[in-house]
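One structure below.
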Amino acid sequence: MITITLPDGKALHLDAPMTLADIAGKISRDLAKKALAADVDGVAMDLTATLDKDAAVRFITPDTPEGLDIIRHSASHILAEAILQLFPGTKFAYGPAVEDGFYYDVDAPTVITAEDLPKIEKAMQKIVKANKPFVRHELTRAVAEAQYKNDEYKLDNIARAQGDVISFYTQGDFSDLCRGPHVPTAGKVGAVKVMSLAGAYWHGDASQKQLTRVYGTAFSTKEELDAHLKKLEEAKRRDHRVIGKQMDLFSTEPDVGPGLILWHPNGSMIRHEVEAFWKEEHIKRGYQILYTPHIASEAIYKRSGHLENYGDMMYSPMDIDGSPYRVKPMNCPGHILIYNSNVHSYRELPFRWCELGTVYRYEPSGTLHGMLRVRGFTQDDSHIFCTPEQVEDEINGVLDLMEHMMKTFGYKYKAFLATRPAKSIGTDAQWETATGALRAVLERRGMPYEVDEGGGVFYGPKIDIKLVDALGREWQGPTTQLDFNLPERFNVEYVGKDNERHKVVMIHRTVLGSMERFIGGLIEHFAGDFPLWLAPKQVRVLTVTDAAIAYGREVVEKLRRAGLRADLDDRGDKIGAKIREGELARVPVLLILGEKEKDTGEASVRRRLQGDLGSRKVDELVLELAQEVRERRLPNKN
RNA sequence: GCCAACUUGGCUCAGUGGUAGAGCAGUGCUUUCGUAAAGCACAGGUCCCGGGUUCGAAUCCCGGAGUUGGCUCCA
């Protein structure tokens, strides 16, 4: 509810959003215009546009997501005006509001560089300050086409617009084809910031011309903008690449090659714990663990169709005794050959076979990103071979396992049901039953999901889980896919009750995605403060003076015997310095030992994110910590 | 792969044409101290690589590699 005091002193109460029709019943149109003209806090947007005609007037406040979008979309027009001032002759392709701001794709006569960004930002601020109105006008298609005959982008946009009348918005010297709505005047865009430059293809098509994309963000107030920038700063501190260096978790080395992760001892320990948990949980759920070779004769990838369909992402063949071999890009063919090494009865199914399978794929150099997008990665892969009747239960089991994993790690995720793509194999009936089965399970479990229309793989539909990184970017993580292709190509069959051979249904799935991406995400999720069971170093024992060293060794020994990863800091530094180092290394438990503790068999406990917790009997503490690890407890606070 | 930027000791970063710098980390010595940095000293660099311009290049130009932000594509 917004209350506006009108120029005549009356109060006008508005619910947002609201249409002209709504107002019409309450006040005169003339009065409405006055209300809108009055610069009342909370009054929104697109006023000039709609009062000229009889379309709906919408009152949208800046503190709603819709209002923020309008502010940002208007800011993109202001960005365009600023660029036009500084780079006359620039053509403008497309400039929408996005998640955290807005951008404009431009085709400038000279290259826009990072050094230009502050200038552009200044120009934008000037435009905002000038507070000129956004004015809507309409042209017929023919007039619009004539007016923009030299601008291929606008012509294209006009061609894509619907109807015979095309709306334009003008503020200052800049006019742009646009559906609106916009803020009434540029001043309503309170605070703008030009963020960065990037390349982007026209229509997102790599074969089209590459445009310059200028990113910015806008908020209705400077305070909100500052808060947003601060959040970005904090996100940078969570970046797994930054923490990975601080905690000495992993690296890539140019001499090894880009996108190939070297797991340092600390990172390897985290991975070891994740893998141990993963194996334990799989065995509990009736899975069997497989190992298959890292290279294989090319013949298998011809048969699987990978060479044909994924040839671009496979590494070049190597010659072994005159035959071409390939590094494996997928684990499935190996698993299938294991299946096919025997005749199987329906009585044996389902087989739940899993492998922590390392695969290598050629990912374009520009797409590599820390541990989240790499060229060699270990999938927590599994292939379930089952009968059609078993599909739903098996999918359900997979989702159950996946949810259990995510819960254990305290991870939030988003589920997507990806349906049949344009290029695909299989019959309509096959796709319908398969997609239906996936949907049914999602609904049976009450899992929220979005539909990714046409996002399936050519061989079947899938359920994708996306992990979110510190900056809110989504990364494809766990996936469950039905496959109509490989059972055909490899003749993967079982003998049914009827003594006839039937094709198995094959489910590909991961519940973490890959070790690299999952652990990279985990680093950001915990900001390096891992739960005790995952922490590479769990306990560090710090001596106050040399007199406590012998006792310290004893305590470390006790911790280690209880299975805890403990070490001793017995250097001659002051205790404050040792604590500082332990905290910076993000060791979850620091035990401080001095004369006092030595005599009583205690330790002064300091826990990460909690601080000094006072003294405890060492024997009790060791049991408690071991228990916390066994339960894979999440930290209290995160 | 495409567009743009960046690359200086282990790390974070100064240094814009005239003999390579700081802090932290490391090593040695001193210090034995109670909850986030003790002191002194020492050591450490093909300024990413290759070519060019120049009397002279970390610095300017060209090519390559790697990284970063996006695009396209993907676990």
Side-chain angles (χ1 to χ4, degrees), chain A residues 98 103 105 111-117 195-215 236 239 241-242 245-246 248 251-259 310 312-313 329-330 357 359 361-381 457 464-467 471 473 475-479 481 508-510 512-518 520-521 542-549 570-584 590-597 604-607 611-615:
Chain A
V98 290
Y103 64 79
D105 285 347
V111 179
I112 299 176
T113 70
E115 283 154 36
D116 299 319
L117 297 184
M195 303 295 288
S196 60
L197 282 175
Y201 298 106
W202 177 229
H203 292 320
D205 178 348
S207 66
Q208 297 266 13
K209 178 165 180 168
Q210 183 139 26
L211 305 166
T212 304
R213 176 168 295 182
V214 184
Y215 276 93
K236 230 184 255 171
D239 190 312
R241 292 163 301 184
V242 174
K245 205 166 252 175
Q246 289 169 353
D248 198 15
S251 65
T252 54
E253 301 292 336
D255 284 348
V256 174
Y310 293 106
D312 289 348
M313 54 188 282
M330 316 248 172
V359 298
R361 299 181 187 171
Y362 173 77
E363 303 286 343
S365 60
T367 66
L368 303 175
H369 181 98
M371 291 180 113
L372 298 182
R373 182 83 181 262
V374 293
R375 285 180 171 165
F377 53 99
T378 301
Q379 294 181 302
D380 66 303
D381 213 350
V457 202
D464 278 339
I465 303 294
K466 296 212 160 58
L467 308 173
L471 283 171
R473 291 176 292 209
W475 297 87
Q476 169 68 63
T479 183
Q481 312 179 350
H508 307 250
R509 54 107 276 201
T510 64
L512 301 176
S514 73
M515 287 302 147
E516 287 72 11
R517 186 170 283 180
F518 186 74
L542 315 178
T543 51
V544 179
T545 68
D546 286 357
I549 291 179
D570 60 358
R571 293 170 308 164
D573 281 314
K574 285 168 69 170
I575 193 67
K578 296 188 193 180
I579 288 170
R580 180 180 150 82
E581 264 189 53
E583 291 282 353
L584 287 175
L590 300 180
L591 298 183
I592 291 133
L593 304 185
E595 305 280 344
K596 283 186 264 174
E597 291 78 9
S604 173
V605 184
R606 195 188 154 100
R607 285 206 68 155
D612 189 350
L613 298 178
S615 283

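A note on names: the letters A, B, ... follow the listed sequences, proteins ahead of strands, and every chain is numbered from 1.
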Please report the distance separating the [atom1] of [N] from the corresponding atom of [M], rounded so that it comes out in whole Å.
| N | M | atom1 | value |
| --- | --- | --- | --- |
| B:A20 | B:A25 | P | 27 Å |
| B:C48 | B:U68 | C1' | 15 Å |
| B:C42 | B:G23 | P | 12 Å |
| B:G66 | B:C24 | C1' | 25 Å |
| B:A36 | B:U31 | P | 25 Å |
| B:U8 | B:U67 | P | 14 Å |
| B:U54 | B:C11 | C1' | 35 Å |
| B:A43 | B:U27 | P | 16 Å |

By side-chain hydrogen bond (donor to acceptor under 3.5 Å, both in side chains) - contacts of [X] (at least two apart):
| X | value |
| --- | --- |
| A:Glu581 | A:Arg571 |
| A:Asp248 | A:His264 |
| A:Lys466 | none |
| A:Gln208 | none |

What residues form a salt bridge (Lys or Arg N to Asp or Glu O under 4.0 Å) with [X], not counting sequence neighbours?
| X | result |
| --- | --- |
| A:Glu597 | none |
| A:Glu583 | A:Arg606, A:Arg608 |
| A:Lys574 | none |

Searching all strands shown, indicate the nucleotide that pairs with [N] (Watson-Crick or G-U wobble; both distances under 3.5 Å).
| N | answer |
| --- | --- |
| B:G66 | B:C6 |
| B:U31 | none |
| B:C71 | B:G1 |
| B:A58 | none |
| B:A36 | none |
| B:G26 | B:C42 |

Ring pair (Phe, Tyr, Trp, His ring centres under 6.0 Å) partners of A:Tyr201, counting only residues at least two apart: none
Residue whose nearest RNA chain B nucleotide is more 5′ - A:Leu211 or A:Ile579: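 The residue mapped nearer the 5' terminus is A:Leu211.
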First encountered from the 5' end of RNA chain B, between A:Lys596 and A:Tyr362: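 It is A:Tyr362, whose closest nucleotide lies nearer the 5' terminus.
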Give me, pair by pair, the N or O atoms of the protein and of nucleotides 7-15 of chain B that are less than 3.5 Å apart, along with how far apart they are.
none

Any idea which of [options] is nearest the [X] side chain?
| X | options | answer |
| --- | --- | --- |
| A:Arg571 | B:A36, B:G26, B:G1 | B:G26 |
| A:Val111 | B:A36, B:A4, B:G26 | B:A4 |
| A:Thr113 | B:A5, B:U32, B:G1 | B:A5 |

If you look at every strand shown and take non-hydrogen atoms under 4.0 Å, does [X] touch a base, only sugar-phosphate, or nothing?
| X | answer |
| --- | --- |
| A:Thr367 | base |
| A:Gln208 | nothing |
| A:Ile575 | sugar-phosphate |
| A:Arg517 | base |

No-H, no-angle donor-acceptor pair, A:Glu363 side chain to B:G1 base, under 3.5 Å: no
A:Arg606 (side chain) and B:A36 (base): donor-acceptor pair under 3.5 Å: yes
Under 3.5 Å between N/O atoms: give me all the protein pairs with nucleotides 66-69 of chain B, atom names plus distance.
residue : atom : partner  : partner atom : Å
B:U68   : OP1  : A:Arg241 : NH1          : 3.1
B:U68   : O3'  : A:Arg241 : NH1          : 3.3
B:G69   : OP1  : A:Arg241 : NH1          : 3.2
B:G69   : OP1  : A:Arg241 : NH2          : 2.7
B:G69   : OP2  : A:Arg241 : NH1          : 3.2
B:G69   : OP2  : A:His369 : ND1          : 3.2

Between the protein and nucleotides 38-41 of chain B, list every N/O to N/O distance that falls short of 3.5 Å.
none

Partners meeting side-chain contact (heavy atoms from CB on, under 4.5 Å) with A:Thr545 (sequence neighbours left out): A:Ala547, A:Glu595
